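Single-structure report; data block below.
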Amino acid sequence: AEELIGRKVTDFLDGQSKERWLSMREARRRGESTRYELQVRSKDGSLVDCMVSGAPIVTTEGCYAGSIGTLADITEQKKASRTLEQRNKILQALVEYDDLTSGAITSPPIETTLRFIRTQLGYSECTVATLDHQGGGFVIHTLPDCKWLRGLYDQFIRSRATVLSEVVRDHPPRYRPDLTAGTTKYSGDQRLVQAGFFSEYLVPLWAEDRCLGALCVIAKDTNGIREEDRLFLSHLAPRLAQALHNSELFFSLQESEEKYRRLVEGAPDIVYSYSDKQGGQYYSPKVQSILGYSAAYLYEHPFLWNESIHPEDSAGVGDIIGKLKRGESFEVEYRIRDASGNWRWLRDRSVGISLMNDEAIVSGIATDITEHRKLEMDLVQSQKMEAVGQLAGGIAHDFNNILAVILGRAELLGGSLPVNSHAREDVEQILSAAGRGAALTRKILAFGRKQVMDLKVVELNSVVRDMQKMVLHLIGEDVEI
């Protein structure tokens with residue numbers, strides 16, 4: 001206190017604070033009480049924010065004699081106020097940034113971010129370095145009018161032994177206020193200094209526990225990046241990182257969907273999604289070549305699929321709904337009428353089921369097995385014919401043995417009869433009938449493949465005529481030869 005006694009107040013004031021104090025003194029001389037803020041220089045030369053309250057001292061004659069007042073240190077209060085104001089500005093700027101970059105999924109908002117930094121903070125020389133996961137190193141992104149910056153940062157592309165790599169690896173932001181201080185550790189620093197840049201701020205871009213790169217700002221002055229700007233950039237970086245991550249997810253999802261689309265569209269079967277409440281939700285393009293209906297037509301008639309199932313098969317298909325609601329998979333074969341009115345066989349199997357409230361949605365694959373069914377029927381018919389042939393061959397073989405006895409006995413009987421015997425004519429008829437029976441059995445055996453073929457030259461017309469009677473009995477009266 002002794003050091004202050006006798007000194008003028010203006011000895012501790014600079015600039016605007018001095019002018020304000022003189023103005024308030026005039027007010028007190030007019031008899032007014034005053035309350036105002038000043039910055040007072042302390043003994044160590046630093047400025048201290050103070051709240052000054054003063055009142056005039058007036059003599060009994062009403063003349064101004066001086067002032068009495070108090071001086072309160074409000075440095076912490078002002079600091080808190082400035083911090084709050086700064087945070088509000090940052091918040092407003094971030095809201096504006098979010099508005100600018102909202103919906104930027106198909107392309108990451110790198111250029112938008114760099115322009116925003118230039119507009120809001122005034123730093124033109126800023127870049128975004130993203131990790132190159134395929135080629136290694138980094139990819140440098142700049143504004144179109146700052147492509148020359150890539151030359152300054154090309155060491156980041158060639159090597160990981162850089163301050164940028166350390167920031168990406170060690171996580172925290174790094175501010176280097178003086179690139180010329182001490183021994184230059186990084187080869188790129190010398191290039192930055194030669195280009196006229198003396199300070200640098202690097203903020204890693206982290207999203208979902210993965211570093212995607214860093215936001216880089218350089219300035220031409222030593223300690224040229226303000227503290228409040230660094231704070232803002234540290235809040236901006238996570239938003240940019242999330243946008244980069246979302247863009248990666250979008251393209252990854254798009255690539256996955258494209259692969260799935262090609263797989264589905266190239267599949268030889270019908271891939272579909274069907275709801276028991278809303279009908280058909282999706283049909284692959286193959287539905288048109290199998291059933292003759294376009295997918296668009298089936299969307300317009302969502303229940304046409306179920307309505308086209310054969311009445312004899314609809315009951316079995318109807319049981320599927322119960323399985324769906326129990327979360328069970330299914331595989332079923334049924335007939336369905338196509339756009340031409342023909343019946344086609346499908347093998348339908350589920351590959352995924354989801355239940356939402358009382359609605360069952362199934363994803364499945366329907367395979368056209370019409371030709372397979374026809375082949376099965378042809379095989380069954382062939383097996384039947386083979387069985388008939390085997391049966392006929394067995395009967396003919398036994399019958400042939402009987403005819404052999406009849407022929408043998410008839411020949412013996414005919415040889416024992418007198419030449420003029422009336423019974424000889426009966427024996428000849430027996431031999432003729434038995435001979436025809438034997439010929440018939442040979443044909444049956446040939447049909448049943450039970451007799452070795454005796455290859456010889458024949459008169460074809462007579463063979464056809466002899467076969468005609470047997471063929472007529474086989475094919476029925478409704479076929480004309």
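Note that the numbering runs from 1 along the sequence shown for the chain. Computed over heavy atoms, backbone and side chain alike; hydrogens, waters and symmetry mates excluded. Every value quoted in this text rests on a predicted model; they were computed, and no experiment measured them.
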Side chain proximity check, [X] to [Y], heavy atoms < 4.5 angstrom:
X	Y	answer
T113	H141	no
V217	Y175	no
L291	Y283	no
V128	L205	yes
H301	E307	no
V52	T70	no
E200	L192	yes
L304	Y297	yes

Is there a donor-acceptor pair under 3.5 Å between the side chain of [X] and the backbone N or O of [Y]?
X	Y	answer
N246	Q242	yes
R41	G45	yes
D313	R335	yes
S247	L244	no
T130	G213	no
T119	R115	yes
S17	L38	no
D11	K8	yes

For the residue pair [X] and [Y], what are the closest heavy atoms and their distance?
X	Y	result
K220	F198	O-CD1, 3.2 Å
T142	K147	OG1-CA, 3.4 Å
S284	I270	OG-CA, 3.6 Å
Y293	R337	CE1-O, 4.1 Å
R226	Y123	N-OH, 3.2 Å
S363	S273	OG-OG, 4.1 Å

Measure the spacing between [atom1] of [X] and [atom2] of [Y] and express it to the nearest 0.5 Å.
X	Y	atom1	atom2	value
H245	L212	NE2	CG	8.0 Å
L202	R174	CG	CZ	8.0 Å
K79	T75	NZ	OG1	9.5 Å
S256	L249	OG	CG	12.0 Å
F303	S275	CZ	OG	7.0 Å
T34	E26	OG1	CD	11.5 Å

- Mind running side chain to side chain donor-acceptor pair (under 3.5 Å) on D348 and Y272 for me, showing each step along the way? CA-CA 10 Å; D348 196 346; Y272 70 90; 2.6 Å; yes

Counting only heavy atoms from other residues, nucleotides and ligands, does the tally under 6.0 Å from [atom1] of [X] exceed 12?
X	atom1	result
R35	CZ	no
Q194	CD	yes
I68	CD1	no
E227	CD	no

- D338/I290 under side chain to side chain contact (heavy atoms under 4.5 Å, CB included): CA gap, chis, key distance, verdict: CA-CA 8 Å; D338 63 17; I290 294 178; over 6 Å; no

- Message: Determine whether D368 and R344 satisfy the following criterion, salt bridge (charged side-chain N to carboxylate O under 4.0 Å, His left out), listing intermediate values before the conclusion.
- Response: CA-CA 7 Å; D368 184 7; R344 304 196 69 83; 2.8 Å; yes

Is the closest basic N to carboxylate O distance between [X] and [Y] below 4.0 Å?
X	Y	result
K259	E255	yes
K78	E37	yes
E208	R210	no

- Message: Among residues at least two apart in sequence or on other chains, which ones pass salt bridge (charged side-chain N to carboxylate O under 4.0 Å, His left out) with K374?
- Response: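 Applying salt bridge (charged side-chain N to carboxylate O under 4.0 Å, His left out) to K374 gives E371.
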
- Task: Take R349 and T367, measure what side chain to side chain donor-acceptor pair (under 3.5 Å) needs, and give me the verdict at the end.
- Result: CA-CA 9 Å; R349 56 196 180 277; T367 305; 3.1 Å; yes

- Message: Could you walk me through whether F12 and C50 satisfy the side chain to side chain contact (heavy atoms under 4.5 Å, CB included) test, starting with their C-alpha distance in whole Å, then the side-chain angles of each, then the deciding distance to 0.1 Å, before giving a yes or no?
- Response: CA-CA 12 Å; F12 306 97; C50 298; over 6 Å; no

- Query: Can you list the steps and then say if S42 with D44 is a side chain to side chain donor-acceptor pair (under 3.5 Å)?
  - Reply: CA-CA 5 Å; S42 64; D44 61 8; 2.4 Å; yes

- Query: Do Y36 and W21 have ring centroids that are under 6.0 Å from one another?
  - Reply: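 No, they do not, as the ring centres are separated by 6.0 Å or more.
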
- Going by atom types alone, do S340 and N342 pair a side-chain donor with an acceptor below 3.5 Å? no

- Angle class for the H310/W343 ring planes (parallel below 30°, perpendicular above 60°, tilted otherwise)?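 Ring orientation, 0 to 90° scale: tilted.
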
- side chain to side chain donor-acceptor pair (under 3.5 Å) between R28 and S67, worked out: CA-CA 7 Å; R28 289 193 296 274; S67 300; 2.8 Å; yes

- Item | Candidate pair N223 and D178, rule side chain to side chain contact (heavy atoms under 4.5 Å, CB included), full reasoning | CA-CA 6 Å; N223 198 20; D178 187 0; over 6 Å; no

- Query: Could you go step by step and tell me if E333 and R373 meet the side chain to side chain contact (heavy atoms under 4.5 Å, CB included) rule?
  - Reply: CA-CA 10 Å; E333 295 181 1; R373 277 281 185 163; 2.8 Å; yes

